[in-house]
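Please read through the structure below; I'll follow up with questions.
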Amino acid sequence: MAKGYWIAFVTVTDPDRYAGYQQQAPAAFAKYGARFLARGGAAETLEGTAYQRHVVIEFDSKATALACYHSPEYQSARTHRQAACTAQIAIVEGLEP
């Protein structure tokens, strides 16, 4: 089965409010078996909009990645994130192994 991935680009505009997201989101990620492949770290934007943070999160499947995003745990955390940053998030299916 193909893995599922969150690919997120984030620029934090209110670090204090974003802290609420950082406190709540890990519970959702743990519940759905998320594995962070990239989070923060050095990055270079070669085309398109530049963001502060680049995140790649792996899940066992695209369905699991979507379930995490739509879960009550993540949606609660998301309320903190929405007012604290600009973000672009896509959930994609990986290649079959």
Side-chain angles (χ1 to χ4, degrees):
M1 175 186 306
K3 302 286 184 176
Y5 298 90
W6 284 28
I7 301 173
F9 303 97
V10 180
T11 295
V12 176
T13 55
D14 185 338
D16 293 333
R17 288 184 114 171
Y18 195 75
Y21 171 77
Q22 291 175 308
Q23 290 172 353
Q24 288 189 353
F29 294 134
K31 180 177 178 179
Y32 290 91
R35 291 170 295 285
F36 283 80
L37 303 180
R39 179 171 45 186
E44 293 180 38
T45 300
L46 303 178
E47 294 186 28
T49 303
Y51 288 87
Q52 287 174 337
R53 298 177 185 195
H54 304 81
V55 183
V56 179
I57 309 169
E58 182 182 69
F59 292 84
D60 287 339
S61 68
K62 182 178 177 226
T64 304
L66 285 166
C68 180
Y69 181 83
H70 293 294
S71 71
E73 296 87 356
Y74 187 76
Q75 290 302 304
S76 177
R78 183 176 172 256
T79 62
H80 295 283
R81 180 181 56 76
Q82 286 183 305
C85 71
T86 57
Q88 184 174 349
I89 300 172
I91 295 177
V92 300
E93 185 174 61
L95 299 174
E96 289 287 338

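Quick caveat: nothing in here was measured; it's all calculated off a predicted structure.
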Hydrophobic cluster partners of M1 (side-chain heavy atoms under 4.5 Å): none
Under 3.5 Å donor-acceptor, T11 side chain and Q52 backbone: yes
Over all atoms of both residues, closest heavy-atom pair of A50 and T45: CA-OG1, 3.6 Å
H80 and Q24, any side-chain heavy atoms less than 4.5 Å apart: yes
side-chain contact (heavy atoms from CB on, under 4.5 Å) partners for K3, two or more places apart: Y5, R35, E58, D60
Nearest-0.5 Å distance that lies between atom CD in Q22 and atom CZ in R17: 14.5 Å
Point-to-point distance, once rounded to the nearest 0.5 Å, from OG of S61 to CG of L66: 8.5 Å
For A28 against S71, the heavy-atom pair lying closest together: CB-OG, 4.1 Å
Within-4.5 Å side-chain heavy-atom neighbours: R78 and Y21: no
Side chain to side chain, V92 and K62, heavy atoms closer than 4.5 Å: no
Close side-chain approach of Y18 and Q23, heavy atoms under 4.5 Å: no
Ring geometry between F29 and F59 (parallel below 30°, tilted from 30 to 60°, perpendicular above 60°): tilted
Validation row: I7, I89 side chains within 4.5 angstrom (heavy atoms): no
Residue list, ring-ring contact (aromatic ring centres under 6.0 Å, His included) with Y32, at least two apart or on another chain: none
R39 vs R53 side-chain heavy atoms within contact, under 4.5 Å: no
A65 versus G4, closest heavy-atom pair with distance: CB-C, 4.4 Å
Nearest atoms (heavy-atom pairs only) where Q75 meets H70: CG-O, 3.9 Å
Y69 and Y74 aromatic ring geometry - parallel, tilted or perpendicular at 30°/60° bounds: tilted
Ring centres under 6.0 angstrom apart (F36, W6): no
Shortest non-hydrogen contact between V12 and C85, atoms and distance: CA-CB, 3.8 Å
N/O donor-acceptor pair under 3.5 Å between T79 side chain and S76 backbone: yes
Shortest non-hydrogen contact between A2 and E93, atoms and distance: CB-CG, 3.8 Å
